[in-house]
Peer 1: 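I have a structure I would like to understand better, so I am pasting it below and will then ask my questions one at a time.
Every chain is numbered from 1, with letters handed out A, B, ... down the list of sequences.
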2 protein chains.
Amino acid sequence: MGATKSDLFTRQQNEIAAMAKALAHPARIAILQYLVKKNACVCGDLVDELGLAQATTSQHLKELKTAGVIQGTIEGASVCYCINPKVWKQYKELFNSFFKDVDLQQTCC
Amino acid sequence: MGATKSDLFTRQQNEIAAMAKALAHPARIAILQYLVKKNACVCGDLVDELGLAQATTSQHLKELKTAGVIQGTIEGASVCYCINPKVWKQYKELFNSFFKDVDLQQTCC
DNA sequence: ATATTTAATCGTAATATTGCAATAATACAA
DNA sequence: TTGTATTATTGCAATATTACGATTAAATAT
């Protein structure tokens with residue numbers, strides 16, 4: 001036991017959960033916010049930005065890359081990161097549709 | 001080690017990450033979708049709905065309750081759950097502002 | 001009173017995540 | 001070539017999450 005039983009759920013449910021998981025750490029939120037703020041390709045300075053060890057930062061970047069929400073290209077000795085606008089849009093839309101208006105009056109409880 | 005270093009990040013970053021964490025499991029997505037679909041107080045049938053053991057389902061419900069996004073009231077022998085519209089709205093808004101438009105052209109990478 | 005139903009909690013095992021030091025791997029400079 | 005800078009990977013320890021059986025607690029039914 002201990003592993004998520006993905007087969008019990010729909011593809012969409014697993015997808016939304018996976019997206020949420022990519023966002024489920026403040027360091028990854030900080031990375032994304034920084035990239036959005038810069039709105040450009042950012043080389044290098046992410047480690048200084050976060051305050052976590054280089055290895056840890058690299059790991060978080062890898063997770064975001066695996067999720068597809070950022071992309072990195074090798075630029076000489078360093079690597080440039082930026083938001084993947086296509087996937088960012090997908091995230092935005094999926095969360096939007098997930099949170100689409102519920103009838104906001106309290107029916108009971 | 002192993003514990004998230006929340007003190008390195010802003011309150012807002014920790015908050016968004018915590019919300020994302022609450023959504024970061026397909027069972028919890030399924031629960032929320034079910035409650036939204038019914039748009040009412042749902043008593044009991046959540047265990048049958050998910051296919052997970054009663055203890056596991058109860059644990060996921062607890063996490064959603066702790067996050068504040070659902071609420072439960074005792075109704076005789078069973079418990080009725082529904083979306084907390086106030087917190088739902090907060091989630092919606094926070095994610096919305098997080099995903100607010102980035103200049104969607106590819107600057108580099 | 002006793003049994004049944006419903007949901008929470010406890011205990012425990014399996015697995016995943018977080019964090020970092022140490023070590024690679026790669027590009028470039030001297 | 002040798003050294004330096006930058007990022008990835010490996011290995012490991014600490015902690016968190018997921019899952020479930022067993023038990024408990026509380027309300028209701030018989």
Peer 1: Roughly how many Å is it from CG in A:Leu52 to P in C:dT18, rounded to a whole number?
Peer 2: 11 Å
Peer 1: If the plane angle is over 60° it's perpendicular, under 30° parallel, otherwise tilted; pick one for A:Phe95 and B:Phe95.
Peer 2: parallel
Peer 1: Counting side-chain heavy atoms from C-beta on, which of D:dT18, D:dA19, C:dT9 comes nearest to B:Ala55?
Peer 2: C:dT9
Peer 1: Please state how far atom CD1 in A:Ile29 lies from atom P in C:dT18, giving the value in whole angstrom units.
Peer 2: 12 Å
Peer 1: Indicate, with a heavy-atom threshold strictly under 4.0 Å, whether A:Leu61 touches base, sugar-phosphate, or nothing.
Peer 2: nothing
Peer 1: Are OP1 or OP2 of D:dA19 and a side-chain N or O of B:His25 less than 4.0 angstrom apart?
Peer 2: yes
Peer 1: On the nucleotide C:dT6, are OP1 or OP2 found under 4.0 Å from the side-chain N or O atoms that B:Tyr81 carries?
Peer 2: no
Peer 1: Measure from the side chain of B:Ala3, starting at C-beta and using heavy atoms only, and say which of D:dT18, D:dA16, C:dC20 lies closest.
Peer 2: D:dA16
Peer 1: Side-chain N or O of A:Lys21 less than 4.0 angstrom from OP1 or OP2 on C:dA16?
Peer 2: no
Peer 1: Taking for each residue the nucleotide of DNA chain D bearing the nearest heavy atom, is the 5' side occupied by A:Asp45 or by A:Thr4?
Peer 2: A:Asp45
Peer 1: Using only modelled atom types and a 3.5 angstrom limit, is any donor from either the side chain of A:Gln54 or the base of D:dA8 paired with an acceptor on the other?
Peer 2: yes
Peer 1: Search all heavy atoms of B:Pro26 against all heavy atoms of A:Asn14 and return the closest pair with its distance.
Peer 2: CG-OD1, 3.3 Å
Peer 1: For the side chain of A:Lys92 and the backbone of B:Phe99, is there at least one donor-acceptor N/O pair under 3.5 Å apart?
Peer 2: yes
Peer 1: Select from A:Thr56 and A:Ala77 the residue whose nearest nucleotide in DNA chain C is closer to the 5' end of that strand.
Peer 2: A:Thr56
Peer 1: What nucleic acid atoms does A:Glu75 come within less than 4.0 Å of, heavy atoms only: base, sugar-phosphate, or nothing?
Peer 2: nothing
Peer 1: Provide, to the nearest angstrom, the distance between the CG atom belonging to B:Asn14 and the P atom belonging to C:dT18.
Peer 2: 13 Å
Peer 1: Students often get this wrong, so: under 4.0 angstrom with heavy atoms, is A:Ser58 touching a base, only sugar-phosphate, or nothing?
Peer 2: base
Peer 1: So which one's nearest nucleotide on DNA chain D is more toward 5', A:Phe9 or A:Lys62?
Peer 2: A:Lys62
Peer 1: What's the CD-P distance between B:Gln59 and D:dT17, to the nearest Å?
Peer 2: 10 Å
Peer 1: Which comes earlier along DNA chain C counting from the 5' end, the contact point of A:Gly76 or that of B:Val47, where each point is its nearest nucleotide?
Peer 2: B:Val47
Peer 1: Specify the separation, in whole Å, of atom CG of B:Leu46 and atom C1' of C:dA8.
Peer 2: 15 Å
Peer 1: In whole angstrom, give the distance that lies between atom NZ of A:Lys5 and atom C1' of C:dA13.
Peer 2: 14 Å
Peer 1: Heavy atoms under 4.0 Å, any strand shown: does B:Ala53 hit a base, just sugar-phosphate, or nothing?
Peer 2: sugar-phosphate
